[in-house]
A.B. asks: 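Here it is: the structure, laid out below.
Protein chains get the first letters and strands the later ones, always in sequence-line order, with residue 1 at the start of each.
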Amino acid sequence: MTQLTMAKAINEGLRRAMADDPKVLVMGEDIGKLGGVFRITDGLLDQFGAQRVIDTPLAEAGIVGTAVGLAFRGYRPVVEIQFDGFVYPAFDQIVCQVAKLHYRTRGNVKMPITIRIPWAGGVGAAEHHSESPEAYFVHTSGLRVIAVSNPQDAYVALRQAIASDDPVVYFEPKRLYHTKGEVDLDLQLADAPPMGLARVVREGSDVTLLTYGSQVSIALDAATAAEDEGVSIEVIDLRSLSPVDYRTVTASVRKTGRVVVTHEAAREAGVGAELIASVTERCFHYLEAAPQRVTGHDIPYPPAKLEKHHVPDLDRILDAVDRVMDRPNSLSGLVEA
Amino acid sequence: MTQLTMAKAINEGLRRAMADDPKVLVMGEDIGKLGGVFRITDGLLDQFGAQRVIDTPLAEAGIVGTAVGLAFRGYRPVVEIQFDGFVYPAFDQIVCQVAKLHYRTRGNVKMPITIRIPWAGGVGAAEHHSESPEAYFVHTSGLRVIAVSNPQDAYVALRQAIASDDPVVYFEPKRLYHTKGEVDLDLQLADAPPMGLARVVREGSDVTLLTYGSQVSIALDAATAAEDEGVSIEVIDLRSLSPVDYRTVTASVRKTGRVVVTHEAAREAGVGAELIASVTERCFHYLEAAPQRVTGHDIPYPPAKLEKHHVPDLDRILDAVDRVMDRPNSLSGLVEA
Amino acid sequence: MTHTLTPTADPATEIDDIARLLTPAGERIADPDLDRWVKDVDAAALRDLYRDMVLVRRIDTEGVALQRQGQLALWPPCQGQEATQIGTARALRADDFVFPSYRETGVVYARGARPADFVLAWRGEEHSTYNPYEINTATQQIIIGAQTLHAVGYAMGIQRDGTDQAAVSYFGDGASSQGDVNEAMVFASSFRAPTVFVCTNNHWAISEPVAVQAKFPIAGRAPGFGIPSMRVDGNDVLACLAAMRWALDNARRGNGPAFIEAVTYRMGPHTTSDDPTRYRDKEEVESWRRRDPIARVEALLRAEGEFDDAFEAAVAADADALAAEVRAAAMGAVTREPLTVLDNVYAEPHAGLDEQRAWFGAYLDGFAPAEAATVGEAR
Amino acid sequence: MTHTLTPTADPATEIDDIARLLTPAGERIADPDLDRWVKDVDAAALRDLYRDMVLVRRIDTEGVALQRQGQLALWPPCQGQEATQIGTARALRADDFVFPSYRETGVVYARGARPADFVLAWRGEEHSTYNPYEINTATQQIIIGAQTLHAVGYAMGIQRDGTDQAAVSYFGDGASSQGDVNEAMVFASSFRAPTVFVCTNNHWAISEPVAVQAKFPIAGRAPGFGIPSMRVDGNDVLACLAAMRWALDNARRGNGPAFIEAVTYRMGPHTTSDDPTRYRDKEEVESWRRRDPIARVEALLRAEGEFDDAFEAAVAADADALAAEVRAAAMGAVTREPLTVLDNVYAEPHAGLDEQRAWFGAYLDGFAPAEAATVGEAR
Ligand SMILES: Cc1ncc(C[n+]2csc(CCOP(=O)(O)OP(=O)(O)O)c2C)c(N)n1
Ligand SMILES: Cc1ncc(C[n+]2csc(CCOP(=O)(O)OP(=O)(O)O)c2C)c(N)n1
Ligand SMILES: [Mg+2]
Ligand SMILES: [Mg+2]
């Protein structure tokens with residue numbers, strides 16, 4: 001076990017995946033000499049050379065499209081999209097090619113591509129640098145979607161994503177890049193729990209709080225605060241957004257009967273909608289209150305000085321907890337539409 | 001009132017919008033001499049000339065990106081995307097520019113762009129020609145999303161979309177292009193119900209069936225069939241997917257206590273998830289059974305010969321009705337996860 | 001370079017300023033760029049090219065006929081483009097890798113597709129049939145231009161493997177407008193990838209004449225990206241073969257990408273759903289009929305005394321036999337079981353989809369055996 | 001055209017084969033393409049250009065300083081690029097419309113931006129400040145290349161309105177790789193739109209040298225799309241002015257688009273977050289310092305006896321005054337009320353968002369007045 005930042009854990013994940021399998025390549029903008037704008041690929045160029053650490057022209061469709069060709073040839077490209085907001089030029093290649101080629105070719109052509117996306121807000125960034133596009137990919141059949149919340153998971157899930165024969169969109173919360181945690185770099189993939197499992201990060205009995213990414217630590221803070229008010233919250237870090245580990249989720253909901261989901265992305269047709277719909281379908285008779293969502297507003301990501309009014313925080317989560325607990329809350333005064 | 005196909009109703013909507021406002025332009029691939037691959041723009045080139053009916057180069061980002069520039073200049077472009085599956089190259093321009101420019105410019109620059117998309121399956125088409133991408137746009141703050149199900153609505157909603165100062169993604173079910181219906185072409189927009197309202201297309205008391213687009217007529221067939229079995233279904237055509245008219249929806253659900261949603265798009269994080277999550281939030285204490293979704297599978301759209309096993313049909317809807325009515329159904333034998 | 005760069009090339013539709021070895025009348029003419037690449041092409045080889053083109057045209061007419069008879073949902077005719085497709089594809093080695101578009105029937109034929117491979121997708125039975133690795137050819141691409149990037153990426157893989165293969169993309173004049181195609185040129189040039197861009201300028205993108213995409217020849221774009229380029233008579237099978245050999249040689253020798261614009265004509269409709277009388281003149285079509293790619297090889301062979309009735313009849317018989325196989329493949333197609341729509345979405349188990357499969361299986365089983373045939377239809 | 005097209009241009013980094021009117025030492029040299037466009041530029045006009053560049057540099061250093069002091073979240077320095085920005089922007093008419101990128105501080109200055117317009121977005125208060133219609137300049141674009149299509153669309157609008165305005169997009173060498181930029185050239189050429197593409201080749205796209213994007217000069221791409229193109233010394237304000245006048249004249253006369261590659265250098269880091277020592281040599285930076293765009297105009301003016309200490313001091317004073325205003329605008333910024341994050345998403349009422357506003361308003365009201373200041377922070 002070593003104490004590493006999440007940035008370093010991902011860097012180590014790349015390094016070891018590349019060392020283990022010569023077919024693994026990394027590609028993207030500024031990932032070579034610079035080591036990426038977040039230094040996630042730091043040192044890889046020196047270690048593996050320009051044939052395997054590829055600074056590409058500035059064109060995201062080009063990056064993903066050539067990764068598709070490399071996958072056709074048997075390579076396992078790990079693509080870095082520089083910021084969340086720059087994945088959209090590659091959307092066509094991701095949705096129509098990466099996600100569909102295995103289906104289209106009846107399983108003959110595999111697309112073991114990992115698309116790494118530095119993700120979401122809370123870092124005071126300029127427009128387009130704080131997006132949460134995960135729902136687009138969750139809605140896209142043929143992709144797997146991972147969102148990590150700590151260095152150990154980041155390391156393991158990245159290695160699993162690279163090892164997977166399916167394409168994986170892998171979200172890295174920028175806000176947590178410098179957060180440290182214990183990482184077992186020597187963990188054998190075979191010994192790790194399979195990719196796709198959620199984790200109960202805090203046990204509780206009154207409310208199930210579902211979340212992922214950088215909202216996990218805020219959820220944990222909320223759980224601590226709620227404890228003082230006598231409410232016991234079980235916090236689940238979903239880790240995989242497609243597929244979702246409903247076994248873990250429903251076990252918790254059947255215990256608590258109350259659900260709050262929190263994420264930064266906009267609410268309308270977001271991942272929270274999917275979670276609530278699925279939980280309601282699966283646990284209807286166990287529910288004691290309407291599940292609640294705590295999300296970003298349905299707005300473009302606001303200017304940095306205002307982002308704290310957009311990204312769910314401890315107060316907004318506790319307000320939703322009050323709603324599921326039927327205590328006085330922000331809805332108390334409002335007539336329901 | 002005239003009997004018109006939906007194709008002709010949309011054509012008339014374009015024609016009258018262009019006649020009324022010289023700032024309205026139509027642009028897209030093959031929309032000029034050919035009149036579009038579905039003949040929706042038939043005759044417009046002759047009537048309005050090549051300055052207002054623009055055959056563009058084959059590049060969707062280019063089409064939408066130049067439409068943005070035309071909107072900057074005060075025009076109201078109506079863009080035709082040739083088929084649903086070809087909207088993705090324009091995704092970046094739609095998500096980062098069309099949807100966000102009004103916000104970015106603090107309301108100074110309006111984006112009155114209508115993006116028309118011939119939509120969804122059931123027509124035996126080749127790959128990429130039967131996609132249901134509506135959830136991507138519903139999840140995108142800053143856009144309005146319309147899905148029509150009959151000639152009259154198609155005509156009115158198109159004119160409203162073009163008249164709106166906001167960008168509207170307007171979905172036209174290909175499968176219904178040749179379906180006829182009464183259309184009041186002389187309807188004054190001021191007299192029409194505002195864009196965004198849902199409509200109860202059949203009243204019922206046991207189950208609320210929420211749907212849109214070409215699933216509406218299938219839902220109506222299901223309601224007729226259910227009636228024979230003694231179940232009274234209220235069918236709601238949502239018409240607007242963003243915003244959703246929750247006033248109409250919740251009024252129905254509070255009456256019936258049971259909800260089924262049906263759409264062609266994949267299930268995971270689809271529009272159905274949003275509807276169920278919102279209905280559950282708003283009507284929890286009225287619900288007598290877990291709301292159910294009837295959707296396409298979470299797969300790429302399958303080959304045409306197999307599409308009938310993908311697109312929800314009357315049987316699948318009735319099976320879901322059985323589920324909400326707690327009658328024997330396809331889940332009866334399965335252990336819930 | 002001069003400081004001010006002015007486009008000096010000819011209009012897109014100027015079809016005579018192109019590289020050519022066979023005139024429309026079938027005369028063999030010299031071309032300094034091309035001759036060296038086809039020195040070995042003797043009468044036997046020419047007859048093979050003739051045969052290939054006749055067979056491709058026969059597949060194509062069979063495809064149209066099958067569609068008219070309701071056996072196929074759609075067919076995208078390639079009539080008129082046989083020389084482009086056969087000439088370029090016959091220059092390839094089996095271990096090169098091709099990324100074609102939907103209209104490259106002739107390319108796929110030359111790569112070794114079986115009869116069923118031409119029809120099962122257009123019938124709606126499958127999105128694709130052949131295993132790309134068996135004929136080193138990707139699924140025919142429908143998203144305009146997307147495959148050009150795949151070819152460049154594949155070529156980057158070849159570079160890393162250190163072999164002398166090449167990756168080739170085929171796309172149309174319309175596709176040349178897509179961002180992807182231009183990005184593919186940027187990447188290919190930047191990485192010196194062993195790839196060939198084959199742009200089939202058949203004058204039309206559905207109803208849009210090539211002038212909507214380009215006011216100047218498309219071949220003129222590649223050099224700006226640092227890619228050598230050639231504009232060739234796409235109805236001249238010999239010239240197409242030569243151009244492609246030049247381009248492949250360039251790639252194999254480590255010089256990176258090359259670009260070929262093959263100027264030809266789509267004689268038929270865009271697809272069987274299209275009505276070209278709405279947007280183009282008969283005269284234009286007729287003028288291209290006089291440039292027919294098969295007729296000019298026949299004329300050359302006849303002039304050389306290498307074409308007789310027996311040969312013609314033998315080729316026609318081969319073509320009919322192949323067409324019969326294609327027809328049989330279409331008519332004999334058996335639609336897959338309903339539950340298989342869930343197959344091959346993922347390469348590895350996926351909890352969500354596996355659950356849907358369990359549900360859908362149970363749902364399908366719920367229909368009584370007698371009803372099974374009508375599953376999914378109105379009850 | 002010849003059949004085989006070979007890229008013949010010089011390597012991208014060859015900086016001496018470019019159009020130029022002022023040498024790095026400040027000598028005025030003749031150029032047959034450019035001279036006619038700057039005949040009217042007398043000493044007074046040159047002094048104005050000098051003053052503009054000094055003011056832009058001063059805004060830029062102030063931006064860097066404000067960022068270092070925590071007043072701004074980020075700043076993208078444009079030092080070194082003043083001649084490109086001022087030379088081209090001063091060729092514009094007020095009623096032309098400009099689509100700049102994030103680094104075009106000098107362009108936005110020339111269009112009439114007020115002090116606050118330089119800093120409020122980088123401070124994170126707003127995504128943009130000025131009303132685009134007041135200075136006929138769009139919000140500075142962050143999505144690389146996207147604005148080139150907007151300019152072409154705007155130019156199509158100009159065509160339809162029948163005026164002689166032009167729409168201009170500014171973008172970088174890195175942006176030249178994006179599909180959007182190439183599609184913009186296709187559309188501009190196809191529609192003969194009155195637009196000018198100004199590609200600022202500052203040699204770097206963050207850490208990537210221009211050679212990653214282009215092995216041959218970027219200016220060489222446009223002619224392939226049918227667009228006349230010029231490669232100009234981007235550190236020569238006179239040459240930039242001339243080139244832009246040539247391009248704008250071309251547009252106004254109905255000849256359609258033109259392309260300018262201004263070859264310059266980004267003296268600073270990509271942004272204040274960047275550390276260029278990781279990827280480039282000091283020597284390269286120093287060699288470009290000797291080509292400073294301001295110094296060479298100063299040298300010319302001095303040689304002509306048109307530059308004295310009083311003038312220099314007056315300009316410096318103006319610059320300091322402007323910088324003070326910029327600083328005051330940053331320091332005096334007042335962050336908007338929380339509820340305003342929901343403003344301007346739509347131009348018309350939206351039931352969903354209106355409901356969220358009602359809820360969020362109630363939620364915010366729920367915090368006791370004493371707590372109001374800490375709304376949104378941990379309780
Ligand atoms: C991204 C995308 N946009 C639109 C289409 C619809 N479409 C299919 S073929 C075609 C024209 C293609 O023209 P060209 O590239 O010249 O190829 P050709 O059909 O002539 O072989 C169009 C617009 C598509 N398949 N993909
Ligand atoms: C679509 C997109 N991809 C990536 C980025 C991240 N990014 C911002 S600036 C930049 C480099 C741009 O280089 P260039 O076009 O040369 O402009 P310069 O910064 O040199 O002015 C990159 C990669 C972005 N803003 N947008
Ligand atoms: Mg074509
Ligand atoms: Mg640059």
Side-chain angles (χ1 to χ4, degrees), chain A residues 22-23 25 27 51-52 54-75 77 89 92-93 95-97 99-112 141-144 163-167 194-197 240 242-247 278, chain C residues 97 99 121 126-134 138-139 141-143 145-162 165 167 169 178-180 182-191 193 195 336 340-355:
Chain A
K23 293 293 186 193
L25 308 173
M27 54 199 294
Q51 290 294 300
R52 297 187 62 199
I54 309 172
D55 259 343
T56 64
L58 205 179
E60 289 77 9
I63 298 170
V64 175
T66 52
V68 167
L70 282 157
F72 254 100
R73 179 75 186 182
Y75 284 87
D92 178 56
Q93 285 285 346
V95 168
C96 296
Q97 309 298 333
K100 294 196 169 106
L101 265 160
H102 190 258
Y103 192 72
R104 179 179 307 149
T105 62
R106 309 159 86 202
N108 283 308
V109 179
K110 301 210 179 348
M111 283 290 126
S141 307
L143 302 177
R144 293 173 188 271
S164 170
D165 276 344
D166 288 319
M195 186 169 74
L197 294 193
S240 170
S242 179
V244 167
D245 172 11
Y246 281 114
R247 213 174 281 272
S278 286
Chain C
F97 207 98
F99 292 83
E126 303 290 352
H127 288 322
S128 74
T129 47
Y130 55 83
N131 177 344
Y133 296 116
E134 278 175 14
T139 300
Q141 183 63 249
I142 289 177
I143 299 294
Q147 73 278 15
T148 56
L149 283 166
H150 306 169
V152 174
Y154 192 98
M156 289 165 66
I158 292 172
Q159 280 180 306
R160 278 154 187 77
D161 295 341
Q165 296 157 272
S169 57
Q178 283 283 10
D180 276 11
N182 292 284
E183 293 186 10
M185 289 198 273
V186 170
F187 277 65
S189 172
S190 186
F191 295 121
T195 189
R336 284 197 260 140
T340 64
V341 294
L342 296 156
D343 289 354
N344 291 317
V345 180
Y346 296 96
E348 297 179 1
H350 183 283
L353 198 64
D354 295 344
E355 207 181 274

A.B. asks: Tell me, for C/Ser128 versus chain A, whether the close heavy atoms (under 4.5 Å) come from the side chain, the backbone, both or neither.
C.D. replies: both
A.B. asks: Looking only at heavy atoms and a cut-off of under 4.5 Å, which of A/Asp166, A/Leu70, A/Asp165 has the most pairs with chain C?
C.D. replies: A/Asp166
A.B. asks: Among C/His127, C/His150, C/Gln147, who wins on heavy-atom pairs under 4.5 Å with chain A?
C.D. replies: C/His150
A.B. asks: Let me know if C/Ala184 has heavy atoms under 4.5 Å from chain A in its side chain, its backbone, both or neither.
C.D. replies: neither
A.B. asks: Do C/Arg160 and A/Lys23 touch side chain to side chain, with heavy atoms closer than 4.5 Å?
C.D. replies: no
A.B. asks: Could you have a look at A/Ile54, A/Val244, A/Asp92, A/Val64 and say which one has the most heavy-atom pairs with chain C under 4.5 angstrom?
C.D. replies: A/Ile54
A.B. asks: Which one wins on heavy-atom pair count under 4.5 Å against chain C: A/Arg52, A/Lys100, A/Arg144?
C.D. replies: A/Arg144
A.B. asks: Is C/Tyr133 in contact with chain A via its backbone, its side chain, both, or neither, using a 4.5 Å heavy-atom distance?
C.D. replies: side chain
A.B. asks: Taking side chain as everything from C-beta outward and backbone as N, CA, C, O, which of these in A/Tyr75 sits under 4.5 Å from a heavy atom of chain C? Side chain, backbone, both or neither.
C.D. replies: side chain
A.B. asks: Do C/Leu353 and A/Pro243 touch side chain to side chain, with heavy atoms closer than 4.5 Å?
C.D. replies: no
A.B. asks: What part of C/Asp343 lies closer than 4.5 angstrom to a heavy atom of chain A: side chain, backbone, both or neither?
C.D. replies: backbone
A.B. asks: Less than 4.5 Å to any heavy atom of chain A: does that hold for the side chain of C/Ala351, its backbone, both, or neither?
C.D. replies: both
A.B. asks: Side-chain contact test, heavy atoms from C-beta onward, threshold under 4.5 Å: evaluate it for A/Thr66 versus C/Met156 and give yes or no.
C.D. replies: yes
A.B. asks: Do A/Met111 and A/Gln97 have side chains that approach each other closer than 4.5 Å (heavy atoms only, starting at C-beta)?
C.D. replies: no
A.B. asks: Tell me which of these, C/Gly352, C/Ala146, C/Ala167, C/Ala193, has more heavy-atom pairs under 4.5 Å with chain A than the rest.
C.D. replies: C/Ala146
A.B. asks: Heavy atoms only, distances under 4.5 angstrom: which of A/Ala99, A/Pro89, A/Ser164, A/Gly142 has the most pairs with chain C? Name it, please.
C.D. replies: A/Gly142
A.B. asks: At a heavy-atom distance under 4.5 Å, which candidate from C/Thr340, C/Val345, C/Asp161 has the highest pair count against chain A?
C.D. replies: C/Asp161
A.B. asks: Identify which part of A/Ala59 has an atom lying under 4.5 Å from any heavy atom of chain C, answering side chain, backbone, both or neither.
C.D. replies: both
A.B. asks: Does a donor on one side chain and an acceptor on the other come within less than 3.5 Å for A/Gln51 and C/Gln159?
C.D. replies: no
A.B. asks: Should the ring pair C/Phe99 and C/Phe97 be called parallel, tilted or perpendicular, given that the plane angle runs from 0 to 90° and is split at 30 and 60?
C.D. replies: tilted
A.B. asks: Which atoms of C/Asn182 are under 4.5 Å from chain A, going by heavy atoms: the side chain, the backbone, both sets, or neither?
C.D. replies: neither
A.B. asks: In terms of heavy-atom proximity below 4.5 Å to chain A, should C/Gln165 be classed as side chain, backbone, both, or neither?
C.D. replies: side chain
A.B. asks: If we only count heavy atoms from C-beta on, is the A/Leu101 to A/Phe72 side-chain gap below 4.5 Å?
C.D. replies: yes
A.B. asks: For residues A/Val68 and C/Leu149, determine if any side-chain heavy atom of one lies less than 4.5 Å from a side-chain heavy atom of the other.
C.D. replies: no
A.B. asks: With side chains defined as the heavy atoms from C-beta onward, is the minimum distance between A/Tyr103 and C/Val341 less than 4.5 Å?
C.D. replies: yes
A.B. asks: Between A/Ser242 and chain C, which part of the residue has a heavy atom less than 4.5 Å away: side chain, backbone, both or neither?
C.D. replies: both
A.B. asks: Are A/Asn108 and C/Glu134 linked by a side-chain donor-acceptor pair shorter than 3.5 Å?
C.D. replies: no
A.B. asks: For a 4.5 angstrom cut-off between non-hydrogen side-chain atoms, does C/Arg336 reach C/Glu126?
C.D. replies: yes
A.B. asks: Taking every non-hydrogen pair under 4.5 Å, which of C/Ile158, C/Ile142, C/Thr148 racks up the most with chain A?
C.D. replies: C/Ile158
